[in-house]
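Here the structure is laid out as structure tokens; the discussion comes afterwards.
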Protein chains: 2
Amino acid sequence: MQAVGVVVEYNPFHNGHLYHLQQAKEASQATVVIAVMSGQFLQRGEPAIVDKWTRTQMALLNGADIVFELPFHYSTAQAKDFAKGAVTLLDAACCHDVAFGTEDGDIAPFYNTWHLLKQDQVRFNQFIQQQIKTGVSYPKAMQYAFSQLTGNENTPYADLTQPNNILGFEYIKAAQPLAIRPIAIQRIAAHYHDTSFHHQTIASATAIRHAMQQNMDITPMLPSTSQQLLQQFIRQQASFMDWEKLYPFLRFSLLQLSLTQLQHFADVTEGIEYALKRYAKTCHSFAEFITALKSKRYTRTRLQRMLTQILLGVTKEERHYQEPTYLRLLGMTTHGQQYIKQFKKQFTLPLISRVGATTNTQLQLDCKATDIYSLGLKQALTPDYKRTPIRL
Amino acid sequence: MQAVGVVVEYNPFHNGHLYHLQQAKEASQATVVIAVMSGQFLQRGEPAIVDKWTRTQMALLNGADIVFELPFHYSTAQAKDFAKGAVTLLDAACCHDVAFGTEDGDIAPFYNTWHLLKQDQVRFNQFIQQQIKTGVSYPKAMQYAFSQLTGNENTPYADLTQPNNILGFEYIKAAQPLAIRPIAIQRIAAHYHDTSFHHQTIASATAIRHAMQQNMDITPMLPSTSQQLLQQFIRQQASFMDWEKLYPFLRFSLLQLSLTQLQHFADVTEGIEYALKRYAKTCHSFAEFITALKSKRYTRTRLQRMLTQILLGVTKEERHYQEPTYLRLLGMTTHGQQYIKQFKKQFTLPLISRVGATTNTQLQLDCKATDIYSLGLKQALTPDYKRTPIRL
């Protein structure tokens, strides 16, 4: 038995994800697929539209054999920490490879980039700092620094202004000191697209969420099991989860805490706490609030990540990167169970199936994320410490 | 012009309050009545059923000429601090007297009690501590200490196991170092009661709130203006305010904060934070939550006061008694306005009509109380810093 790892959010699981899992297996020659999946809160700093248990079922019904939770500490972090946490977990679970999607399926540009930066990191950083001081955004500063270092070479490099490429690059970097090997899968979306949304079968999760909001037919884009699980969630909860449902609690925090207290929270910098308090007073919806806050300097994603930390009460100190300390099992197929049975002793991190009373601060944070996610639902979820993994 | 002060909550304003205002004026020979009224949160540690502006209108339409806000710092405190803050404010507003209700309208027992305790405070406290160690409640310990000091004397003393007497006693104590003079008004309730609730015209605010919950007719118990204001509130907000409406936010706080953080809040002692967190996880309503927490040691009022401090984020340090620093005007009649014009310069505290941007922590807390109270309402209130006093 050999395992390939994938790093996912499945918000929700769609045909593109299905294709990616199939390709990952094929390219790696693996017989087992292990997904490390963000829990209740995602990398864009927002709650998942359906809870992690529902998304685990989607994954297990469509090709994943094992789902581990990417702890909140990594799932809501910037690309570097997100990738490092995820790849470390896959390596700890003895995955031979980690497969990630790129535009053209070529991994060489990522390695070229990584080698260049490894040699010239200091100059690279200097270029970036110099650019940022002139007021340009981080991605643009990176692009500039890159062009300065590469000159007119013909070697292909990864365009690190694209969020997906940044993640791919960080997977490669994270994998370097580990046994796990990164492999690139060509993304399907660009090629199999139909021009009309109604006839296409591949669309991004963002496009699908948008289509759902508009009550458009998303049937062709999702596996039927994924759709059934979405419908089941709606029957129980009446609507999908979003920031609007958690805004009353965020707003309460912002009204209740002092400016000094707000400064202690992760990602709260440069006096943004004044704006947070001011707009919390006047904005009655999250849409209104985020629109008021957004600026060139503070993108929606940056703000949402910060707000997620405030919502969960994570301080600057707690936010510093910490190495993963456990493999939290969300679910497995029978096949996955066999893999775990066979490799468990070689796992370099303890496997956690049932949380119970824990003093692990990362694990406590995952449980807290479920408690707070639950407050925005019509029907509360079973608290994490009482749940057992899903078995399919 | 001479003013008499009263310390009130008006939750809601009823015929007993009307009678008390008339008697206070008569007994003191005053021409102006000044009410110091709890704001959005009350001495039992709960939100008022209608907001402070609505209750100010009730007061001004029924005999009060001026309403000052009793800041949150005092309004949710134990009797001693509640009384001290209120009496100090009335004294600062040049009230000649402060009128409070007693069973028989006799003030002598309160003075006797005060004199006795002034002489024998040390022994009194020793008796109390000794009793509390055996596990009895504070009121019972006080009763015992009292009997030990008085022996079989015939001098009448105030029964300090009755909450109303405790308040009266604390008014007397608080008035001692000040110019203001306490006067006792005989309470009407016991004498003018009808046995059938439906025919009586005097009932306590607690009984009235209970009757409202049961959809009973409360018409005979309230002045018509008071009723119209209650109806107006219901038209806007659909229901009265209560702890249930704020429970989601309290629950969020309890789930979000660590045990160590909870320990820093005012009134959180003796490891109660463990129970707070445990029951917040499982209790989906405030009724369920408070029932789970209640015990002989932790009465409903004690718990509610603690929970109010947590809801507003008040720490142990901030809870220590601080002297009042302002007279916040909530409303006045034309007559009240004349009084203010005439006496303003003699007020020993600054008069605040409009809050604006303030650095006064007590005043900030009053504004925060409105912001958080608002979160439980269907229609948010105008923030405090934007409001001007009511003029009738």
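What you see is a predicted model, and the numbers here were worked out from it, not measured in a lab. Scope of the values below: all heavy atoms of this structure, side chains included, with no hydrogens, waters or symmetry mates. Naming: A, B, ... by sequence-line order, numbering from 1 per chain.
Contacts of B:Phe249 classified as ring pair (Phe, Tyr, Trp, His ring centres under 6.0 Å), with partners at least two apart in sequence or in another chain: A:Phe249, A:Phe252. With sequence neighbours excluded, the residues forming a ring pair (Phe, Tyr, Trp, His ring centres under 6.0 Å) with A:Phe72 are A:Phe41, listed by chain and number.
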Quick one: donor-acceptor pairs between chain A and chain B, under 3.5 Å, side chains and backbone, table format.
residue  : atom : partner  : partner atom : Å
A:Gln256 : O    : B:Lys368 : NZ           : 2.6
A:Gln256 : NE2  : B:Ile310 : O            : 3.1
A:Gln256 : NE2  : B:Leu311 : O            : 3.0
A:Ile310 : O    : B:Gln256 : NE2          : 3.1
A:Leu311 : O    : B:Gln256 : NE2          : 3.0
A:Lys368 : NZ   : B:Gln256 : O            : 2.5

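Options B:Gly313, B:Ala280, B:Cys367 differ in how many heavy-atom pairs under 4.5 Å they form with chain A, and the most are formed by B:Gly313.
Only the backbone of B:Ile310 has a heavy atom closer than 4.5 Å to any heavy atom of chain A. With a threshold of 4.5 angstrom between heavy atoms, B:Leu365 does not approach chain A through any atom at all. Both the backbone and the side chain of B:Leu255 come within contact range of chain A, each with at least one heavy atom under 4.5 Å from a heavy atom of that chain.
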